[in-house]
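Following: one structure in structure tokens, then a few remarks.
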Amino acid sequence: WSSDVCSSDLRLGEHMGEIHLHDNRGTRDEHLPLLEGNINFRGIFCSLKEQGIHPVFTLEPHTIEHAKRSLKNFRTLIDEIYGPPCRETL
């Protein structure tokens, strides 16, 4: 994915079942935590939402520390794009 993904560039269709998530700086497959490289995940997630695509997301960290940061950043991103989860129970 390039850093300038927009909704017109992302034509995935209804067959998108799963997305493996990790970031990089564009020079190699670094498996950086989400939002710590050059990939425009906000643009990707907005495009998925606009198209009504709801894939399974799989984080691909290579260290425990990267897993913690990826999960934290993933939660932040989901809250920004889809809104915070309902905290109230019935």
Side-chain angles (χ1 to χ4, degrees):
W1 300 89
S2 71
S3 62
D4 61 351
V5 172
C6 66
S7 61
S8 63
D9 295 330
L10 193 61
R11 300 188 201 316
L12 301 174
E14 62 190 47
H15 303 290
M16 171 68 57
E18 182 175 9
I19 297 178
H20 292 239
L21 302 171
H22 60 89
D23 217 334
N24 67 65
R25 296 180 194 106
T27 58
R28 61 188 175 90
D29 193 20
E30 298 173 277
H31 284 260
L32 296 174
L34 262 58
L35 307 179
E36 294 188 19
N38 295 334
I39 297 176
N40 180 3
F41 284 106
R42 284 178 179 83
I44 292 168
F45 278 55
C46 284
S47 294
L48 292 170
K49 181 181 177 184
E50 287 172 5
Q51 295 178 54
I53 300 170
H54 306 286
V56 171
F57 295 107
T58 302
L59 298 176
E60 290 193 342
H62 282 190
T63 67
I64 294 296
E65 183 56 37
H66 281 189
K68 291 175 183 177
R69 294 194 332 244
S70 282
L71 188 55
K72 177 182 177 282
N73 294 344
F74 179 75
R75 287 178 176 149
T76 298
L77 188 61
I78 291 295
D79 285 353
E80 285 177 15
I81 306 301
Y82 294 95
C86 181
R87 304 271 187 228
E88 206 164 311
T89 59
L90 297 175

Do side-chain atoms of H22 reach the backbone of E30 as a donor and acceptor pair under 3.5 angstrom?
-> no

Please name the pair of heavy atoms, one in P55 and one in I19, separated by the smallest distance, quoted to 0.1 Å.
-> CG-CD1, 3.8 Å

Please examine the side chains of D23 and N73, heavy atoms only from C-beta on, and report whether any two atoms are closer than 4.5 Å.
-> no

When rounded to the nearest 0.5 angstrom, what is the spacing between CG in N38 and CZ in R25?
-> 8.0 Å

So, for E60 and H31, which heavy atoms are closest and what is the spacing to 0.1 Å?
-> O-ND1, 2.9 Å

Result for side chain to side chain contact (heavy atoms under 4.5 Å, CB included) between I39 and one of L34, L21, I44, L32 points to I44

Nearest-0.5 Å distance that lies between atom CG in L35 and atom NZ in K72 | 9.5 Å

Taking the six-membered ring for Trp, are the ring centroids of F45 and F57 within less than 6.0 Å of each other?
-> yes

Evaluation steps, side-chain contact (heavy atoms from CB on, under 4.5 Å), between L48 and I81 = CA-CA 10 Å; L48 292 170; I81 306 301; over 6 Å; no

Can you tell if the side chain of E80 reaches within under 4.5 Å of the side chain of R42, non-hydrogen atoms only?
-> yes

Kindly indicate, with the supporting measurements, whether the criterion side-chain contact (heavy atoms from CB on, under 4.5 Å) is fulfilled by E36 and R69.
-> CA-CA 9 Å; E36 294 188 19; R69 294 194 332 244; 2.7 Å; yes

Looking only at heavy atoms, what is the nearest atom pair of S70 and P33, with distance?
-> OG-CA, 3.0 Å

